[in-house]
Structures are given as C-alpha cells and as structure tokens.
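Naming convention: chains lettered A, B, ... in sequence-line order (proteins, then strands); numbering from 1 in each chain. Keep in mind that this is a model prediction, so the values were computed, not measured.
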Number of protein chains: 2
Amino acid sequence: MGTWSETALRDAGLRVTRPRTAVLDVLVEHPHATADLIGHEVRVKLGKVSKQAVYDVLAACVAAGLVRQIEPAGLPALFETRTGDNHHHLVCRACGRTTDLDCATGAQPCLTPSDDAGYAVDEAEVVFWGLCPSCQLNRSLAPNVRSSA
Amino acid sequence: MGTWSETALRDAGLRVTRPRTAVLDVLVEHPHATADLIGHEVRVKLGKVSKQAVYDVLAACVAAGLVRQIEPAGLPALFETRTGDNHHHLVCRACGRTTDLDCATGAQPCLTPSDDAGYAVDEAEVVFWGLCPSCQLNRSLAPNVRSSA
DNA sequence: CACCGTTTCTGGAACGAGTCAAGTCTCAGT
DNA sequence: ACTGAGACTTGACTCGTTCCAGAAACGGTG
C-alpha cells in the first residue's frame, strides 16, 4: 500500500511525509474522493491531520501531476490519481457518484474546437450528467426525490 | 429587449415582475454574467433588489428552461440565455472570460459515451480551458501575473 | 375596485468549501 | 546529530450561495 505512494512522491521530487503518503493511499482506495473525505480517512490512519495540510498536500500533488482535480458543478472538488490519459467523467445528478470514462472515440475529437476564438486551449474537460443505476431504481420507486432541474 | 423577456416569462408560465424582466434583460446584454454582476446591473436599472431575489429569479428561470447555468471550476456560476442548443464553452484560465462555442463536429460525438456504465445520461458538458487572446498578450509581457478579472 | 390566497421580495443570519497568515515541527543532506 | 528549506498546525477569515421569517406585490374573484 504505502509503497506506490512513496515511490511516486520521490519520483516527483517531493518530500515523503506521513500525511502525503496517507493522502495518496486514500486516493488509491477511493478513486474520486473529496478533500473532506480524504481528511477524514487520513485522520483514521494517522490520528490527527489538519484540513490545511490536506489541501497543501493535494495542491502539491496536483502541481506535480500525481493527482488530478475535477470540480463538477455543485459538488465539492474531487481528486483522482489517474492522470495523463485525459479521461472523462460520468456524474450522477442525484447522489454525485462519479465514474471514469475513456474518451468516446478513442482519439479526442472533442479536444480540438472548430473555432477557438483565438484562445490557446490546453485542456478539454468533458462531464456527462445523468442518473447512476441505483438512483434510477430509487427514482422510479420514490418519485418525489429532488429532480434534476 | 424588454419585450423579449416579458414574452419569454409569460410563455414559460411565470409571473412577469420588474426584477424578473430586469434580470433577463441584463442576461441579454451580458451573455455570461455572474449572479453578482446581474444583481449589480439590476440594481442600476431598478434601484434596489435583494441578492436573494436575484437568486430566486435565476433559479425560477433555470427551472423553466429560460436560462442555463454553468459552473466552471473555481469560478462563480455563470448564467446565459442560450438554451437548448447544447453549445460548449471556452474559459480563460487567467481572467475567467467565457466564450460560446458550437459543438466541434456539428453533430455531437461527445454526447454519446461509448460505455455509459449503466447511467441514464441526459447532458454532456464540455469546457475548454486556455488563455484568451488578451491574456496571452499580458502573459508574455508580465510572466508572473496571478490575476483574476 | 376591494378582497384574498399565492407567489415573490427583503434583510439578515448561516453555511460549506476553500484560503491566508504566523508560528512550530520534520525531513533529508552535510 | 545539526540545520535550513519545506511541511504542518491553528484559527480566523473570505466568498458564493442558501436558509429563514416576515413584508409586499400580484392577479383572479365577488
């Protein structure tokens, strides 16, 4: 468990500390965790870690390219360790569950806007919104849940 | 301008009130406005409107499909009146300027994930991140700006 | 045109996510 | 071990947004 995170940190030229390895370990166990959940889980492992430390660690890892941050509308930011392959996400409107998704057509047709209006584009972010399987079930059983729009 | 907003409200079955028409008018003048900017502009037109009224109006219009809300990571929510054509957005990392963009390939290849993991997908959201023309200029002149609008 | 029930608006307090600042501690190279 | 840059702690704070209770405006009726 601890091994990948240590190596990754060292390879990225970052210092290896308990909070850092713990954060990365949590991220491996929970592929789309919020800062809050990460803090909670890290505290379970290490006893006491400040919110600020969690944000610092995450920021450092994001800067080093070890971690990717996504921010779906209305949800707190999520962090994941799958970086570099520019995959997309499927987010449930009801429960917020997030699932990875490889790019629709293998290549990235989406990544090249037809008319970039003079912008220097460096990233394309694609989010699919819908209902996850279990929320579809709950929805049909209990029709008065807060709906999508 | 004042006319369209009234008609739109009436057609959507919403009451026509001063704050509502004013909000829609502002939205026509500023195609990607924040709630805050809208409140400010509406206050210029009408003298005094509460923040809450602005949020209520926007929520009602979003629910009625008159207005679309987008929430680019790290920026406050933006509102626009172009609805129904599922266009995408180009957002400047430096100044937050947002530009509409028709879907890259005319059709929507992005809208149909290859594997939807059982989700009932109802919307695909695409955001391109980059630097707008003027920020590219500023950036090359003053390489360490850390600005936001 | 005065009444009434709804819907909308006001003002202020509250919220959660995230950030800032200043001081203390810890890792890694000598 | 020693030391200095970098990491962590604490706690207050900002910002966008939402909640709440009450006041006002709307518009269909008698």
Side-chain angles (χ1 to χ4, degrees), chain A residues 2 5-24 26 32-40 42-43 45-64 66-67 69-79 96 98 146 149, chain B residues 5-6 9-10 12-24 26 32-43 45-64 66-67 69-79 91 96 98 146-149:
Chain A
S5 42
E6 283 187 29
T7 324
L9 285 168
R10 234 182 286 277
D11 290 355
L14 295 174
R15 275 163 66 167
V16 180
T17 66
R18 297 192 160 282
R20 289 187 171 181
T21 51
V23 164
L24 289 182
V26 169
H32 297 106
T34 60
D36 200 59
L37 173 66
I38 295 169
H40 202 266
V42 166
R43 252 161 252 131
K45 288 177 195 287
L46 301 185
K48 187 145 80 105
V49 177
S50 70
K51 178 173 63 165
Q52 188 59 41
V54 172
Y55 279 105
D56 283 352
V57 169
L58 288 171
C61 291
V62 167
L66 291 179
V67 168
Q69 175 172 15
I70 63 176
E71 295 179 51
L75 281 73
L78 302 177
F79 298 87
T98 301
R146 189 188 208 35
Chain B
S5 42
E6 285 186 27
L9 286 167
R10 234 183 287 278
L14 295 174
R15 281 198 193 170
V16 179
T17 65
R18 297 192 162 283
R20 288 186 172 182
T21 52
V23 164
L24 289 182
V26 170
H32 297 106
T34 60
D36 199 59
L37 173 66
I38 295 170
H40 199 267
E41 293 293 303
V42 166
R43 249 161 253 132
K45 287 177 195 287
L46 301 184
K48 188 146 80 104
V49 177
S50 71
K51 186 172 49 168
Q52 188 57 42
V54 173
Y55 279 104
D56 282 353
V57 168
L58 288 170
C61 290
V62 167
L66 291 178
V67 168
Q69 177 173 13
I70 63 176
E71 294 178 52
L75 281 74
L78 302 177
F79 298 86
V91 183
T98 302
R146 178 126 171 71
S147 74
S148 52

Inter-residue atom distance [X].[atom1] - [Y].[atom2], 0.5 Å rounding:
| X | Y | atom1 | atom2 | value |
| --- | --- | --- | --- | --- |
| A:L66 | A:F79 | CG | CZ | 13.5 Å |
| B:T34 | B:L78 | OG1 | CG | 7.0 Å |
| B:R43 | B:K51 | CZ | NZ | 9.0 Å |

Would you tabulate the nitrogen or oxygen pairs shorter than 3.5 Å linking the protein to nucleotides 4-6 of chain D?
unit_1 : atom_1 : unit_2 : atom_2 : d
D:dG6  : O4'    : A:R15  : NH1    : 3.1

Length of the [atom1]-[atom2] vector between [X] and [N], whole Å:
| X | N | atom1 | atom2 | value |
| --- | --- | --- | --- | --- |
| A:Y55 | C:dA21 | OH | C1' | 18 Å |
| A:L75 | C:dC15 | CG | P | 21 Å |
| B:I70 | D:dT17 | CD1 | P | 12 Å |
| B:D36 | D:dC15 | CG | C1' | 10 Å |
| B:Q52 | D:dG16 | CD | P | 16 Å |
| B:D56 | D:dA23 | CG | P | 18 Å |
| B:L14 | D:dC26 | CG | P | 15 Å |
| A:L9 | D:dA7 | CG | C1' | 12 Å |

- Taking all non-hydrogen atoms of both residues, which atom of A:G39 and which atom of A:V54 are closest, and how far apart?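 Scanning both residues, the minimum pair turns out to be CA-CG2, 3.7 Å.
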- Message: Taking only side-chain N and O atoms of B:T17, does any of them lie within less than 4.0 angstrom of OP1 or OP2 on C:dT7?
- Response: no
- Message: On DNA chain D, compare the nucleotides closest to B:T34 and A:K48; which residue's is nearer the 5' end?
- Response: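 Going by which nucleotide is closer to the 5' end, it is A:K48.
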- Message: Taking the nucleotide of DNA chain C with the nearest heavy atom to each, does A:R10 or B:P19 sit closer to the 5' end?
- Response: B:P19
- Between B:R18 and B:K51, just flag the one whose closest nucleotide in DNA chain C comes earlier from the 5' side. B:R18
- Query: When all nucleic acid strands are considered with a 4.0 Å heavy-atom cut-off, which category describes B:A77: base, sugar-phosphate, or nothing?
  - Reply: sugar-phosphate
- Task: Give one of base, sugar-phosphate or nothing for A:S50, where a contact means two heavy atoms less than 4.0 Å apart.
- Result: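 The residue A:S50 makes base contact.
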- Donor-acceptor pair, A:R20 side chain versus A:L9 backbone, under 3.5 Å? no
- Task: For the pair A:T98 (side chain) and A:G96 (backbone), establish whether a donor and an acceptor sit closer than 3.5 Å, ignoring hydrogens and angles.
- Result: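 Yes: the side chain of A:T98 pairs with the backbone of A:G96.
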- Would you check, one step at a time, whether the test salt bridge (Lys or Arg N to Asp or Glu O under 4.0 Å) holds for B:E6 with B:R10? CA-CA 6 Å; B:E6 285 186 27; B:R10 234 183 287 278; 3.5 Å; yes
